[in-house]
Amino acid sequence: GEDVEQSLFLSVREGDSSVINCTYTDSSSTYLYWYKQEPGAGLQLLTYIFSNMDMKQDQRLTVLLNKKDKHLSLRIADTQTGDSAIYFCAESHGSSNTGKLIFGQGTTLQVKP
Amino acid sequence: DGGITQSPKYLFRKEGQNVTLSCEQNLNHDAMYWYRQDPGQGLRLIYYSQIVNDFQKGDIAEGYSVSREKKESFPLTVTSAQKNPTAFYLCASSISYGGGRETQYFGPGTRLLVL
């Protein structure tokens with residue numbers, strides 16, 4: 001079945017790079033997403049990658065996709081205290097005309113000053 | 001500004017009471033979704049609507065009901081049959097359901113508490 005797994009917690013120091021990892025099981029995933037959730041708020045779309053891409057960079061964010069290992073990562077360069085939040089990865093299956101997203105359980109990123 | 005609004009921010013439910021959570025979008029999106037989030041857990045899909053006047057059950061639809069009479073609006077009713085309604089409820093929308101245009105955008109959420 002479809003499943004998305006993330007580690008639950010990551011702690012880094014301000015100014016360091018953060019790497020949040022995600023694994024998924026369905027090889028037919030079309031898009032893979034990263035969302036950010038701050039306390040008490042909704043989910044904010046950070047970035048997404050199409051399944052035929054290996055890497056996408058957007059300012060401080062770098063997404064790496066390894067389709068062979070079904071592994072997705074989000075690297076945040078120069079992590080700031082404002083980056084403290086829960087980060088969710090999600091996969092979709094656009095090619096099968098299914099709009100359902102499968103979410104991981106979220107990784108809490110703690111940034112220490 | 002285009003976006004998704006949810007109201008109220010906090011909602012209190014008494015025993016045996018039905019309550020309705022509002023979700024409105026002005027993004028001209030066809031598809032809309034309701035998720036439930038419990039502490040330390042990911043999002044679980046309650047209901048979704050691919051287009052106006054149509055909706056389908058998600059993974060945890062029992063004790064909930066929805067309607068989609070207008071494109072912009074997708075209200076969720078938490079009925080008295082839902083025995084554990086305390087959670088954070090998130091509404092989302094996408095241009096369409098699938099076909100490569102399923103990127104979902106989320107509202108700010110409603111926290112439901114039981115008195």
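Lettering of chains follows the sequences in order, A, B, ..., and the numbering in each one begins at 1.
Interface residues of residues 39-70 of chain A toward chain B, defined by a heavy-atom distance below 4.5 Å and sorted by number: A/G40, A/A41, A/G42, A/L43, A/L45, A/Y48. The stretch residues 13-22 of chain B places none of its residues near chain A, where near means some heavy atom under 4.5 Å from a heavy atom of that chain.
Criterion: ILVMFWY side-chain heavy atoms under 4.5 Å apart, direct or through other members. Under it, A/V4 and A/W34 are part of a common hydrophobic cluster. When the side chains of ILVMFWY residues are joined at heavy-atom separations under 4.5 Å, either directly or via intervening members, A/L74 and A/V12 end up in a single hydrophobic cluster. Residues B/Y89 and B/L11 fall within the same hydrophobic cluster, defined by Ile, Leu, Val, Met, Phe, Trp and Tyr side chains chained together at heavy-atom separations under 4.5 Å. Tracing side-chain contacts under 4.5 Å through hydrophobic residues (I, L, V, M, F, W, Y), one never reaches A/L101 starting from B/F74; they form parts of separate clusters. Hydrophobic cluster membership differs between B/W34 and B/L45, with clusters built from Ile, Leu, Val, Met, Phe, Trp and Tyr side chains linked at under 4.5 angstrom.
Neither the backbone nor the side chain of B/Y48 comes within contact range of chain A, judged by heavy atoms closer than 4.5 Å. For A/Q6, no part lies under 4.5 angstrom from a heavy atom of chain B. Of the two parts of B/Q6, neither the backbone nor the side chain holds a non-hydrogen atom closer than 4.5 Å to a non-hydrogen atom of chain A. Residue B/S96: no heavy atom, backbone or side chain, is found under 4.5 Å from chain A.
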Step by step, would you call A/Y33 with B/T103 a side-chain hydrogen bond (donor to acceptor under 3.5 Å, both in side chains)?
-> CA-CA 8 Å; A/Y33 300 88; B/T103 299; 3.1 Å; yes
How far apart are the C-alpha atoms of B/Q37 and A/F103, what are their side-chain angles, what is the distance that settles it, and do they pass the side chain to side chain contact (heavy atoms under 4.5 Å, CB included) test?
-> CA-CA 11 Å; B/Q37 185 180 26; A/F103 285 86; over 6 Å; no
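Contact of the A/Q105 side chain with the B/L43 side chain is not registered, since no non-hydrogen atoms from C-beta on lie closer than 4.5 Å. In this structure, the side chains of B/E102 and A/K100 stay at 4.5 Å or more apart for every pair of heavy atoms.
Remark: side-chain polar atoms of A/Y35 are paired, donor with acceptor, to backbone N or O of B/Q104 under 3.5 angstrom.
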